[in-house]
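Heads up: the structure comes next, in structure tokens.
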2 protein chains.
Amino acid sequence: MQQYLPYLRQSLLFERIDDEGLVKTLNCLNAQIIACEKGKVILHQGDEPRHFGVVLCGSVNVVASDSYGNHSVMWSITQGDLFGETYVSAGVDSFPASFVAAQDSMVLILEYARVITGCRNNGCLAHSYLVTNLIRSIGKKNLTLTQKLEFVTQRTTRDKLMAYLRAQQKQAKSHRFVIPYDRQTLADYLGVERSAMSAELSRMKRDGLIHYRKNEFEILLP
Amino acid sequence: MQQYLPYLRQSLLFERIDDEGLVKTLNCLNAQIIACEKGKVILHQGDEPRHFGVVLCGSVNVVASDSYGNHSVMWSITQGDLFGETYVSAGVDSFPASFVAAQDSMVLILEYARVITGCRNNGCLAHSYLVTNLIRSIGKKNLTLTQKLEFVTQRTTRDKLMAYLRAQQKQAKSHRFVIPYDRQTLADYLGVERSAMSAELSRMKRDGLIHYRKNEFEILLP
DNA sequence: CCTCCCATGTTGGAAATACAACATCTTTAT
DNA sequence: ATAAAGATGTTGTATTTCCAACATGGGAGG
């Protein structure tokens, strides 16, 4: 387990836990580290959710298959992020999607019940941090989803963009800020068409609402 | 505390906890029950999130105020549901909105840190159920948000409606099913205009996709 | 320097949606 | 039963978005 520490440190799940405590706790929980080739199914659609995972390196796709056998990638999980934790924590009957390695990857698999039950040792600080961190991850995902919903439920493309840009500006705490998405990704995120979005950005610049150059933006009107 | 048991039972947060254990745990946690008049601010925007609440009866609005003093109701929390738990669990600096009684209501206020830390008594089963239930509530909200996002990111109104109706049908496990929203609420939920949605529903019926009568729906084509 | 490639921007016509105004149907109260 | 109020459905028009096709522009590599 020791050798994986640099990877484990990528995740918020292990914040505030020292190396020694982390190794001890992961052993105590019988955590499994799995190296998987691209395409390997890590957690299976239909199975009862008992485990969740952490992407140590590489990435994992969430893939839903319908009854006709059509597969579709719903979203993608990157280094440091959790997967499956929503379904185990919510106590659903079965995974509504599979988790599939999108490239050669390394993941950590944890048994949910053992994580949240905690150990019998009162002094196990590492374990209680782990529980707190897990809850915080789930709570943060919640905030992320809520925020995205605020953007995509805006009626017009212009409103969606302004809502998104304002949130970015607020986060950057600066007048100027750089957005982390290219145009195509941003369009997907906001649920609009790329070229139409580009056109709208141009009009917003023309109308003196915003200024931008590549991914550096500035909001001119408050 | 005893006298509030029927109200407390409204919430999933106390599932699987017997009356005796619940009363004992709530006392142990120094839980506060507050009867509040309509308009009373229960948790304040800007404050550091330390507590979260459960609506025992009545309802609570989430109200955001901008720097100009404009207020807007972002959403509403009804009997049995939690509020503020997302922000405490995610560990944000300050509440981005206030929680205001929408009518004369009764709420239970819990201190987050004490809830998740657990007691020192190993045998306190009630408390560990409470933690599990809290996480499950947060996880379930996560699922709800994800699902809504799947609906509203569909391109056309027809696609949004079909996605929503299919999900309802799946949940009802029956060919026929009743939706819990009136047209205006459904339109708001899906982020479209009411009359345009009504019109689209009519066209979908005309095209033989669905059949409906008031709130009772049926999907004709799979 | 040049070419190729990919991200971004632009444009015009087709399609979908919002909006307003009104019609019809339900429910509630008197 | 009737009136009044509220929810739902319908229609026509003005906007907005989508879509496809093409223009531009800025690296990366030869």
Side-chain angles (χ1 to χ4, degrees), chain A residues 72 76 148-165 168 176-221, chain B residues 59 72-73 76 78 102-103 148-166 168 176-221:
Chain A
S72 74
S76 195
K148 178 167 178 179
L149 262 177
E150 279 167 25
F151 303 150
V152 300
T153 50
Q154 299 293 322
R155 287 295 162 87
T156 67
T157 301
R158 178 173 293 208
D159 290 340
K160 291 179 202 202
L161 281 166
M162 282 307 283
Y164 173 77
L165 292 173
Q168 288 292 311
R176 273 215 181 85
F177 54 96
V178 175
I179 65 169
Y181 295 146
D182 63 22
R183 296 289 187 274
Q184 183 62 64
T185 311
L186 179 57
D188 291 343
Y189 178 75
L190 295 178
V192 295
E193 205 270 339
R194 183 199 58 78
S195 70
M197 189 190 75
S198 270
E200 189 57 41
L201 278 172
S202 298
R203 282 190 291 270
M204 290 165 74
K205 185 191 272 184
R206 183 200 65 194
D207 294 350
L209 275 173
I210 60 173
H211 180 70
Y212 64 92
R213 186 186 166 78
K214 291 193 59 178
N215 283 13
E216 189 181 337
F217 283 76
E218 191 173 344
I219 298 179
L220 301 175
L221 294 184
Chain B
S59 61
S72 74
V73 174
S76 195
T78 55
Q103 52 185 289
K148 177 167 177 179
L149 217 34
E150 277 167 25
F151 303 150
V152 301
T153 50
Q154 298 292 322
R155 287 297 159 88
T156 67
T157 300
R158 178 172 292 207
D159 290 339
K160 292 179 203 202
L161 281 165
M162 281 307 283
Y164 173 78
L165 292 173
R166 271 192 233 278
Q168 289 292 311
R176 274 215 181 86
F177 54 96
V178 175
I179 65 170
Y181 295 146
D182 62 23
R183 295 290 188 274
Q184 182 62 65
T185 311
L186 179 57
D188 291 343
Y189 178 76
L190 295 179
V192 295
E193 206 270 339
R194 184 200 57 79
S195 69
M197 188 189 77
S198 270
E200 187 59 40
L201 278 172
S202 297
R203 281 191 290 270
M204 289 164 75
K205 185 191 271 184
R206 183 201 65 194
D207 295 349
L209 275 173
I210 61 174
H211 180 71
Y212 64 92
R213 187 189 167 75
K214 292 193 58 180
N215 283 12
E216 191 180 338
F217 283 76
E218 192 173 343
I219 298 180
L220 301 176
L221 293 184

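First the proteins, then the strands, lettered A, B, ... as listed; each starts at 1. Here the structure is a predicted model, which means the values were calculated and not measured.
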Protein N or O to nucleotides 12-14 of chain C N or O, pairs below 3.5 Å:
none

* Among all residues two or more places apart in sequence or in another chain, which pass the salt bridge (charged side-chain N to carboxylate O under 4.0 Å, His left out) test with A:Asp207? -> A:Arg158
* To do: Using atom CE of B:Met204 as one end and atom C1' of C:dT17 as the other, report the distance to the nearest whole Å.
  => 15 Å
* Asked: Would you call B:Tyr164 and B:Phe217 a side-chain contact if the rule is heavy atoms closer than 4.5 Å?
  -> no
* A:Tyr181 OH to C:dA7 P, straight-line distance once rounded to whole Å -> 17 Å
* Separation of B:Asp159 atom CG from C:dT17 atom C1', in whole Å? -> 14 Å
* Is there side-chain contact between B:Glu200 and B:Val192, with heavy atoms separated by less than 4.5 Å? -> no
* Asked: How many Å lie between CD1 on A:Ile179 and C1' on C:dA7, as a whole number?
  -> 13 Å
Using a cutoff of under 3.5 Å, can you pull out all pairs of nitrogen or oxygen atoms linking the protein to nucleotides 4-7 of chain D, with atom names and distances?
none

Could I get a table of every N or O pair under 3.5 Å where one atom is in the protein and the other is in nucleotides 23-28 of chain C?
{"unit_1": "C:dT27", "atom_1": "OP1", "unit_2": "B:Lys214", "atom_2": "NZ", "d": "3.4"}

* Nucleotide D:dT10, atom P - distance to CG of B:Leu201 in whole Å -> 10 Å
* Do B:Leu220 and B:Glu218 come close enough that some side-chain heavy atom pair is under 4.5 Å? -> yes
Tabulate protein N/O versus nucleotide N/O from nucleotides 14-23 of chain D, keeping only pairs under 3.5 Å, one per line.
{"unit_1": "D:dT17", "atom_1": "OP1", "unit_2": "A:Thr157", "atom_2": "N", "d": "2.4"}
{"unit_1": "D:dT17", "atom_1": "OP1", "unit_2": "A:Thr157", "atom_2": "OG1", "d": "3.1"}
{"unit_1": "D:dC18", "atom_1": "OP2", "unit_2": "A:Glu193", "atom_2": "N", "d": "3.4"}
{"unit_1": "D:dA20", "atom_1": "N6", "unit_2": "A:Ser195", "atom_2": "OG", "d": "3.2"}

* Asked: Any side-chain heavy atom of A:Leu165 within less than 4.5 Å of one from A:Tyr212?
  -> no
* Structure fact -> Smallest heavy-atom separation, A:Pro180 atom then A:Gln168 atom, equals CD-OE1, 3.8 Å
* To do: Answer yes or no: is there a side-chain heavy-atom contact under 4.5 Å between A:Thr153 and B:Asp188?
  => no
* Asked: Is any side-chain heavy atom of B:Met162 less than 4.5 Å from a side-chain heavy atom of B:Ile219?
  -> yes
* Structure fact -> To the nearest angstrom, the CG-P distance between A:Leu161 and C:dT8 comes to 13 Å
* Can B:Glu193 and B:Ser195 be counted as having a side-chain donor-acceptor contact under 3.5 angstrom? -> yes
* Asked: What's the spacing between B:Lys160 NZ and B:Tyr189 OH if we round to 0.5 Å?
  -> 12.0 Å
* If we fit an axis to the first five pairs and another to the last five of the helix from C:dC1-D:dG30 to C:dT30-D:dA1, what angle do they make, to the nearest 10°? -> 40°
* To do: Taking the side chain as every heavy atom from C-beta outward, state whether B:Arg194 and B:Leu186 have any pair of such atoms under 4.5 Å apart.
  => no
* Take atom NZ of A:Lys214 as the centre, draw a 6.0 Å sphere, and report whether it contains more than 12 heavy atoms from other residues, nucleotides or ligands. => no
* Structure fact -> Between the CG atom in A:Leu190 and the OG1 atom in A:Thr157, the distance rounded to the nearest 0.5 Å is 8.5 Å
* How close or far is atom C1' of C:dT10 from atom CZ of A:Arg206, stated in whole angstroms? -> 13 Å
